[in-house]
Amino acid sequence: QVTLVESGGGSVQAGGALRLPCVVSGYSSNSYASTLYITWFRQDLGKAREGVAGIHTGSGNQYDADSVRGRFTVSQDKASNTVFLQMNSLTLEDTAMYFCASGRYVGDKFGPGEYNSWGQGTQVTVSS
């Protein structure tokens, strides 16, 4: 069972930046670790969970949502099994709980049901 642990959340002023790490563990082999989609989602109170950005750990291909394009980027450090979400030019609308999720056979990259392992989340609060 893949385990994901997020950190790095906090309070930041609008226009600021945060970097969220997601440490991935519990996979059966290093080759398995290179077959995963790791995607960041966010959810604010009363709203649906929204896919933000992600990466395929094998190919390194990245994908992101229109709402964050040009501001958020995803990267990975294979040595530490960590996927990072770099968030720049934060706005009030970016306030949410941020989760990372993993899946191996993913069709809709931003469909929450495609992912079978989730982290516990880290809160990001952007203030004016």
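Numbering of residues begins at 1 and proceeds along the displayed sequence. Every heavy atom of this structure was used, including side-chain atoms; hydrogens, water molecules and symmetry mates were not.
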Between [X] and [Y], is there shared hydrophobic-cluster membership here, with clusters defined by ILVMFWY side-chain heavy atoms closer than 4.5 Å?
| X | Y | value |
| --- | --- | --- |
| V52 | V12 | yes |
| V124 | L4 | yes |
| F99 | L36 | no |

Quick one: closest heavy-atom pair of [X] and [Y], and the distance?
| X | Y | result |
| --- | --- | --- |
| A96 | R42 | CB-CB, 3.8 Å |
| T122 | G8 | OG1-N, 4.1 Å |
| Y115 | S102 | CD2-C, 3.4 Å |
| E6 | G121 | OE1-N, 2.9 Å |
| V74 | G54 | CG2-N, 3.7 Å |
| G58 | K78 | O-NZ, 3.9 Å |

| query | Do the rings of W118 and F41 sit parallel, tilted or perpendicular, given the 30° and 60° boundaries? | reply | tilted
| said: Atom CG of residue position L45 - does it have more than 12 heavy atoms of other residues, nucleotides or ligands inside 6.0 Å? | reply: no
Do the non-hydrogen side-chain atoms of [X] and [Y] ever get within less than 4.5 Å of each other?
| X | Y | result |
| --- | --- | --- |
| C22 | L20 | no |
| Y63 | T39 | yes |
| E50 | F110 | no |
| L85 | V83 | no |

[X] side chain to [Y] backbone, donor-acceptor under 3.5 Å:
| X | Y | answer |
| --- | --- | --- |
| R71 | S89 | yes |
| T95 | V126 | yes |
| E114 | G107 | yes |
| S117 | T3 | no |

| request: Kindly determine whether S128 and L92 satisfy side-chain contact (heavy atoms from CB on, under 4.5 Å), including the steps that lead there. | output: CA-CA 7 Å; S128 58; L92 300 181; 4.3 Å; yes
| message | Centroid separation under 6.0 Å, is that true for the rings of F72 and W40? | response | no
| message | Using side-chain contact (heavy atoms from CB on, under 4.5 Å), reason through Q120 and V5 one step at a time and then give a plain yes or no. | response | CA-CA 7 Å; Q120 81 289 348; V5 179; 4.2 Å; yes
Starting at [atom1] of [X], measure out to [atom2] of [Y] and round the result to the nearest 0.5 Å.
| X | Y | atom1 | atom2 | result |
| --- | --- | --- | --- | --- |
| N61 | I55 | CG | CD1 | 8.0 Å |
| T125 | Q13 | OG1 | CD | 13.0 Å |
| D44 | E93 | CG | CD | 10.0 Å |

| message | Determine whether S11 and Q123 satisfy the following criterion, side-chain contact (heavy atoms from CB on, under 4.5 Å), listing intermediate values before the conclusion. | response | CA-CA 8 Å; S11 297; Q123 177 68 37; over 6 Å; no
| query | Just by distance, with hydrogens left out, do D64 and Q62 show a side-chain donor and acceptor under 3.5 Å apart? | reply | no
| said: Is there a side-chain contact (heavy atoms from CB on, under 4.5 Å) between T82 and Q76? Walk through the geometry before answering. | reply: CA-CA 6 Å; T82 303; Q76 64 174 333; over 6 Å; no
| message | Cation-pi check for Y37 against R104: NZ or CZ below 6.0 Å from the six-membered ring centre and within 45 degrees of the axis, yes or no? | response | no
| said: Ring of F84, cation from R19 - is the NZ or CZ under 6.0 Å from the centre and inside 45° of the axis? | reply: yes
